Every structure is written in structure tokens, then in C-alpha cells.
Amino acid sequence: MSEVNVQLKDGPAAQVPASVTVGEALKQLDRDAAKQALAARVNGHEVDLARPLSALEANGGGAPIEIEPVLPATREGLEVLRHSTAHLLAAAVLDLFPGTKLGIGPALLDDPRYGFFYDMIAPRMLTDEDLPVIEKRMRDIAKRNLSYRREEISKAEALRIFAERDEPLKCQLIEDKGGATVSVYYIDNSPFIDFCLGPHVPNTNRLKAFKLLSLSGAYWMGDATQPQMQRIYGTAFFTPEELDAWLKQRQEAERRDHRRLGRELDLFSIQEQYGQGLIFWHPKGAIIRKQMEDYLYEELIRRNYSLVYTPHIARRELWQLSGHEQNYGDSMFAPTKLEETEFRLKPMNCPFHIGIYKSQQRSYRDLPQRYGEMGTVYRAELSGTLHGLMRVRGFTVDDAHLFCTPAQIRKEISDCVDFVVEVLKTFGFEKVKFELSVKGNETNKNYLGSEADWAKAETALAEVLNEHGVAYERIEGEGAFYGPKIDFKVEDAIGRLWQLGTVQWDFNLPERFELEYIAEDGRAHRPVMVHRALFGSIERFFGVLIEHYAGAFPLWLSPVQVAVLPITDRVNEYAERVAAELRAVGLRADVNLRSEKIGAKIRDAQLQKIPFMLVLGDREVEEDKVAVRERTQGDMGTMTLEEFKQMALALVRSRALTNT
RNA sequence: GCCGAUGUAGCUCAGGGGUAGAGCGUUUCCUUGGUAAGGAAAAGGUCCUGGGUUCAAAUCCCAGCAUCGGCUCCA
């Protein structure tokens, strides 16, 4: 019998019969690893443990076959586990609902919300009540310790098998993706078979900690014109402890939901009777917004922007000239007519800023022109997409448009990225995802601008990001049709990514509006235009901010900065005087005169996440001092009111993120 | 817009074919206290809206609206 040399990666070697499986070979090399392994990498390729070595390509020159276990607690291990659990889910559904047509069922590793899903079309619509039943069946199947069995068959054979089982979606996948031979996976003694590359765990009893999470619709191939399938989401871990910890963390995260905190802290509301997706900023939310805007205005002026204000509606022809009506008309509110003239609400501010640019002839000496505005826009978002402050129909963009010469644009973009980084730092965002979105090769997007334009712009954007030491992901096909852009996104409490600001290069509007400046040569030239937003939508930024701080804002943003808490009503007057003095220097102070014990007043202030409390009793009046309690540090002892004011004002002025 | 779920007091939620429930909050009274809940009483409801079934609907059925989780979209 022929023998082959095998070697554990970075480990011992051995000689084994060529007929053994990968798992058996691994056992010879490392008994412990073989026990734990979910799959293995053989010469760098992930395969099942049950694959015979003879079926895998031998190395030339007698070099040993390299085997590496795919272990739990690794990304690859988790992927195998979750992917196998998705198969188990499909097996359970097929068992319970014969005739179900399978779509796709991948593992999800980078989505903090879910671990896997399977898309399918069941003979009847599934409901939430089916999930526990399906989950139970999954457990039953898992306990039967059934094997995941791989087979390699010809494409024609695979098509025949899946056609026979009336799996049209699988047939389409095989047609689209399959080579001459394809691999299929069975779960033995179950009705399940899938067109799949693998690898998978050897058998179902490796799946011990999984949970189905939710049911939703999903379009086949992600295309809204295709039939809608049902998607079941779930997650899986190696141990029940890991699963429990994850579920618990998820619950914690839900407590940080900005919609919940918005209500509890009285920051904002959305009122059904006034309209979906329209935000009411309550006094406490509004004062935070004011701080955000003040900060930004300060920076705009410091960075030599010009502030502008523009209208909320404009003649329809403007949106036709700008191209918004043609390209985004579906998301614009319908026109409204006045004395034979049609107007439309603005979905963007750019045409207005262009109007200001065009209001006079521009010389190269006037450039760059940087127009900044908190511009409120309205977009007809589909009802199903609305989400708290994150996705709304009316919002305010901290919008700016830069008009410059080609020679200036590199510097302008660099300054924009610098600005972005500064803003994110000021608000304490550390985990930010930057994306460089560039042209793709889709045919449905009618890209403007030459290849050379795109290449030049992309290079400039990439270089600027590198210069600022910003890690980014390059995404093809995500660029706007009119130019490449830098987007940045942050996560909400449960890990959904939301886009905040953007820096976009525009090849389109300067052409459409025939923008010009007179250059040194005395002739008219076309300026370059950049769109730039930092918060993006102030509403969305606020929503993300609420979740980021779980409502416990830094002092400078806190709606109430100081809660003045008299212990007895003998000191109410002193408390009022202290609050008045705080307000006189610009600190936001509230006095709690309720007939409650000090513990209750402190509790109220803590729950409202007020940064500082001043506890005032007879002793403080006597000494003319205040007893300071900080939100997280607790009792800080007494000091004079003057000392407290200086401390608080210093924290506010520096926009400190913590009070230590 | 599409698929699924949900809609009961200001908030969080229980209940359920025949007087509408709790906790928190609110108001009033008592209490004047030293670093996360003092006591008592009261007020507070179109049980989302509209239709249907029924002697009787908040409860069952249908439709609509809104919200939630996704999908699609996202300048």
C-alpha cells in the first residue's frame, strides 16, 4: 500500500497510508488538534476532515503534504461552524416543510447582529411562531449525529439531481457558478442536499450552541424585481456559554438604542400624526444640537469657510438642470405649483451654493470659494427604510461646497480629511470606517468623466488618506456616477454601520451649470467642485452620538450640566442662588426642589445622566461651599462655588470627553 | 415599496367574548432627610383606526395606518 508524507504546519511530520482521510492523518500528527478540528487546511486549501488524502493533490518532488487544523476560536473555525449550522437549519426546514425551495445560506462573520442565514421559499409563509419549532427540529437532528457528506459530481448530474428535487434556485446557482464538476453536500439521513464548496464539520453533534433570531424577507439575488424569499437569521457559537454571553451583550446594546434614550432623556420625538420620518427636537436635544452646530461654525470660520443660507425650495427647472430630477426624482417630494410655476423641495443643497458661485464672475484670485451651510433637505424615503434619527425624511446637512482650480483641489481635499478627523476626535469616535468609493464596471450606472479624470481623482483621494494615516477600504462600484468619494461610517449600538460624512469629487455639476472662473491667462476655465459633509445628517450624527455615549454626554454637550440638589428646603434659596450664578457664567444648571430625600434626587440626576451634582445642606450654606458629586466618580468633596465654576468651565471650553 | 412581528395609561408591560390591570412617572398632602428609590391618597384609557361576526368585541375575522426586525434603495 502506498504511503505519503504529511506534515503538520510548523510541526512534526509522519508517513501515513495514502488511503487515510485528512482527519486520520491529522490524528497521527497531533491527537489533540485532530479532536478539536472542525476542518483542515491541506496545502493551504480548506477541506473536510473526511476527505481522503488520495483525493487531494500531492506535492511535487516528494515534499510532504502540509496539514493545518481549522480550530475553534479562529475566524475560519467559526465560519465552518456557522455555515454548517445554516445547513442544519435548511435540513430542519426541509424536514418540517417538504417542498421548500432553497436559496443561499452563508455564514456571517462581520455582522455583529447575526451569525448566518438561509434564504428559502417554503410552501407556506413562515411566521415567528415557526422559529422555535424549527430550532427544536435542528436540535433533534443535531443529536442524531448525522454526517455531513461531500460528493463530487458532474455539473450535468448535479443539475439533474436538483431538478429532480424541484430546486430551481439551486439549479440557477449551479448554472451560474458551477464548473465542469461541482461539489454537493448531504446531511445523511435527512432530506437535505446543497450545492456548496464547503468545508463543513464532520457531523451534526459538533453543533451545540445555536439560536434562530429572526425572520424577514429577502429578494432572490438581492434584486427587488426578483421574487421575495424568506430569510431566517440565526447565530452559532462553539459553547452555550459563548452564546449566552453574546445574547446578553445584545440585550445590553438594545438599552443604548437612541430611540429609547431619546424618550427617556426627553431629547426628541417622532410623531405619527405629524408625519413619518420627521424629527421634533425637544429642548434637551435642541441644546445639544446647538452645541454641535456652534462647534462646527467655529471650525468653519477658523478654516476660512464662508457661511451661507439658502432657500428650501426651488423651481423645478433647477432640479432638471442639476440632473437631480432625472437621477433621484423618485426620492424627491413631488412638485407643487404656484401661479403656473412648479417648485420642488430640495433634496440637496448643491445647486443653491452653485447659485451663489454664479452670482458674479469669479477670478482665480477668488478661489477657492468654500460655502458652508446647515442646509435642511427633504427626501421621500420609502416607509420601510425609516429608522429613528438614522433614516428620516427631513434632515439638516452640515453641507459645504468647495469651488477651486485644478491646482488647488489636492490641498482642499486634504484639508477636508483633516477636518473630518478633527471632528471625529472632538466627539470621541474612535472606531470609524473610511471607504474610498470608486468607479465600478456596472453598465447601469452612467458614469460621467473620462477614465483619466477618474484615475487622477482616485489617486488624489487615496494619497490624501494615506498622508493622514487613515486606514480605508477601497470599494469599486460605490462611487457616485459623477465622481469618486471618501465616506466614513460608524457603528450604532448593535453594530449597524451608518454613513456620516462624505467628501465627494464632482465631475458633473460644474459642467451642467457651466461654472467658470477667469484664470491668469484671461480666459474662462472650469472650476473643480467638491461636496463635503462632516456630520452628514445632524439627525443621524446625533443618533449615533446618543448610542455612542449611551446618553451620558460629555459635559460640553450635556443638556443639563449641573444638578443643584438641596438636602432640605432650608437651603432652597441658597440652591437657587448657586444655580443662578452657574447660569450667569454659561453653565446649564437645574435645581431640584422636590420634597424628596437626597438619595432620590441623586438617583434622578444619575438616571438623567447629568455630569455634575451639587449637594447642598446646612453645612455648605454655613461654609459658603458646594459638595460636588460627579456622574461616574461619585463624591468629590466640597469646594467653593468659584472653584467648581472654574473646573467646569475649563472642561466645557476644552470640550473634554471625560470629567477627570 | 416588499416579507414577518407588534400596537392596552406619559413610559415599560400583563391580561383577555360580558365593571380595564400592575410598576414607574405625574398631582396633592404628610415628611426636612447627607451621596442611586421616605409615606399616603388621587388623577390618568377611543385597549391604533375603520369595517365584519356576535345578544355582547379591547379580546375573534378582514382592511388600513403606524412602529419594530430585515430586504431593496440610500445623491
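All values reported here derive from a predicted model rather than from experimental measurement. Reminder, nothing fancy here: chain letters follow the sequence lines and each chain counts from 1.
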(request) Give the rounded distance in Å between these two atoms: CD1 of A:I232 and P of B:G4. (result) 13 Å
(message) Let's see if you get this right: which residues in residues 265-276 of chain A place a heavy atom under 4.0 Å from RNA chain B?
(response) A:E272, A:Q276
(request) Using a heavy-atom cut-off of under 4.0 Å over every strand shown, decide if A:H531 touches base, sugar-phosphate, or nothing. (result) nothing
(request) Would you jot down, in residue-number order, the residues of residues 620-632 of chain A having a non-hydrogen atom under 4.0 Å from RNA chain B? (result) A:E620, A:A627, A:R629
(request) Any strand is fair game: report the nucleotide pairing with B:A58 by Watson-Crick or G-U wobble, both distances under 3.5 Å, or none. (result) none
(request) Determine the contact category for A:Y482: base if any of its heavy atoms lies under 4.0 Å from a base atom, sugar-phosphate if only primed atoms, P, OP1 or OP2 are that close, otherwise nothing. (result) sugar-phosphate
(request) Round to a whole Å and report the spacing from CG of A:L212 to C1' of B:G4. (result) 14 Å
(message) What residues from residues 604-619 of chain A pass a heavy-atom cutoff of under 4.0 Å to RNA chain B?
(response) A:Q606, A:L607, A:V615, A:G617, A:D618, A:R619
(request) Report yes if a donor N or O on one partner sits less than 3.5 Å from an acceptor N or O on the other, where the partners are the side chain of A:S331 and the base of B:A75; otherwise report no. (result) yes
(request) Respond yes when some side-chain nitrogen or oxygen of A:R379 is under 4.0 Å from OP1 or OP2 of B:C73, and no when none is. (result) no
(message) With a 4.0 Å limit, can you tell me whether A:R496 has a side-chain N or O closer than that to the phosphate oxygens OP1/OP2 of B:G69?
(response) yes
(message) Regarding A:R391, tell me which of base, sugar-phosphate or nothing describes its non-hydrogen contacts under 4.0 Å with the strands shown.
(response) base
